Amino acid sequence: MPSNAQLIDGVALSRQLRTEVATRATALKARGITPGLAVVLVGENAASQVYVRNKVKACQESGLHSVLEQYPVSTPEDTLLARIDALNRDPAIHGILVQLPLPAHIDAQKVIEAISPAKDVDGFHVSSAGALMVGQAGFWPCTPYGCMKMLESIGYELKGKHAVVIGRSNIVGKPMALMLLQKNATVTICHSATVDLKAMTLQADVIVAAVGKLNVLTADMVKPGAVVIDVGMNRNAQGKLCGDVDFDGVRQVASHITPVPGGVGPMTITMLLVNTLEAAEKVALAA
Ligand code: GUN
């Protein structure tokens, strides 16, 4: 049994990928196109404020143009839709991201559908989701895309492996399962109504935990040598940032594991930069 899993370092991998983004952004700028991202935040959600600040900062560090638009919590849906319409037509903006969650009076799916699919760098539009479903080119949601890059970074061959995804959200679980399937893994999606989660995870060669709950995955639920990707972002009783996985226990059993912090989190932002860059590159190709 492996006594200590190898860490998949999301910070180091991000550094490498962001260097490539910066190089490609410089090449685009030489052709007169600066990749631009608009980040839209409605309301005062503290976590969202941290996330959007990190996204804008990452853009600046990689040579991408970014604008942060902040609106009060009372903003009417129509106002937001009109703003998205303007961003869709703004040639300096190649990617539009509306930070979720939105206030309850706003229909989040309607807002997402208002974003032009060509600028949907979050990959949440039904057209992006549909493209992933049928294997066509389109923007992939950043978190599962980052998880795929982490598996790729350890040279992991998914073909014929059993991957268990815990969580079925539109943002992570469902697209994650489709990406793993596209690489010819056998995929099981587990969720809150799964009767015996442990029986499922014990069969897995790869486990992706994306629930948002502490200790969803413990060492007794993991087959020795499995690869474990932790998408969770939780605080424990001491206020420390933790994932969904009991890291200290599972690292004794797994062959590879992603830490929290320093794992999937930075990769999510990195893939947003990649998507924004590629949105701009498509515009450059069409010019
Ligand atoms: N809220 C939590 N995660 C995300 C994300 O990846 N994108 C957006 N837009 N909102 C989020």
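This is a predicted model, so every value here is computed, not measured. These values consider heavy atoms only, across backbone and side chains, with no hydrogens, waters or symmetry-generated copies. Order of appearance sets the numbers: ligands from 1, and atoms from 1 within every ligand.
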Handout entry: Donor-acceptor contact present, side-chain Asp244 to main-chain Gly212, <3.5 Å
Key =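 Yes; at least one donor-acceptor contact below 3.5 Å.
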
Problem - His125 (side chain) donor-acceptor with Glu113 (main chain) under 3.5 angstrom - result: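 Yes.
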
When you look for heavy atoms under 4.0 Å from ligand 1, do you find them on the side chain of [X], its backbone, both, or neither?
X	answer
Lys55	side chain
Val98	backbone
Phe124	side chain

Which residue holds the protein heavy atom closest to [atom], what is that atom called, and what is the gap in Å?
atom	answer
atom 3 (N) of ligand 1	Gln99 NE2, 4.5 Å
atom 10 (N) of ligand 1	Leu100 N, 3.0 Å
atom 9 (N) of ligand 1	Asp122 OD2, 2.6 Å

Handout entry: Leu97: numbered ligand 1 atoms lying under 4.0 Å from its heavy atoms
Key =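 It comes down to these atoms of ligand 1: 9 (N).
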
Exercise for the section: Examine Tyr145 and Val227 and state if one hydrophobic cluster contains both, with Ile, Leu, Val, Met, Phe, Trp and Tyr joined whenever side-chain heavy atoms are less than 4.5 Å apart. Expected result: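 Cluster IDs for Tyr145 and Val227 match.
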
Exercise for the section: Would you mind checking if Glu278 and Lys282 are paired as a salt bridge, meaning a charged N to carboxylate O distance below 4.0 Å? Expected result: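 Not counted as a salt bridge, because no side-chain N and carboxylate O are separated by less than 4.0 Å.
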
Exercise for the section: Please indicate whether Lys183 has more than 12 foreign heavy atoms, meaning atoms of other residues, nucleotides or ligands, lying under 6.0 Å from its NZ. Expected result: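 Open: at most 12 neighbouring heavy atoms sit under 6.0 Å from NZ of Lys183.
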
Problem - side-chain hydrogen bond (donor to acceptor under 3.5 Å, both in side chains) partner of His162, chosen from Thr188, Thr186, Asp205 - result: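 Among Thr188, Thr186, Asp205, the one that satisfies the side-chain hydrogen bond (donor to acceptor under 3.5 Å, both in side chains) with His162 is Thr188.
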
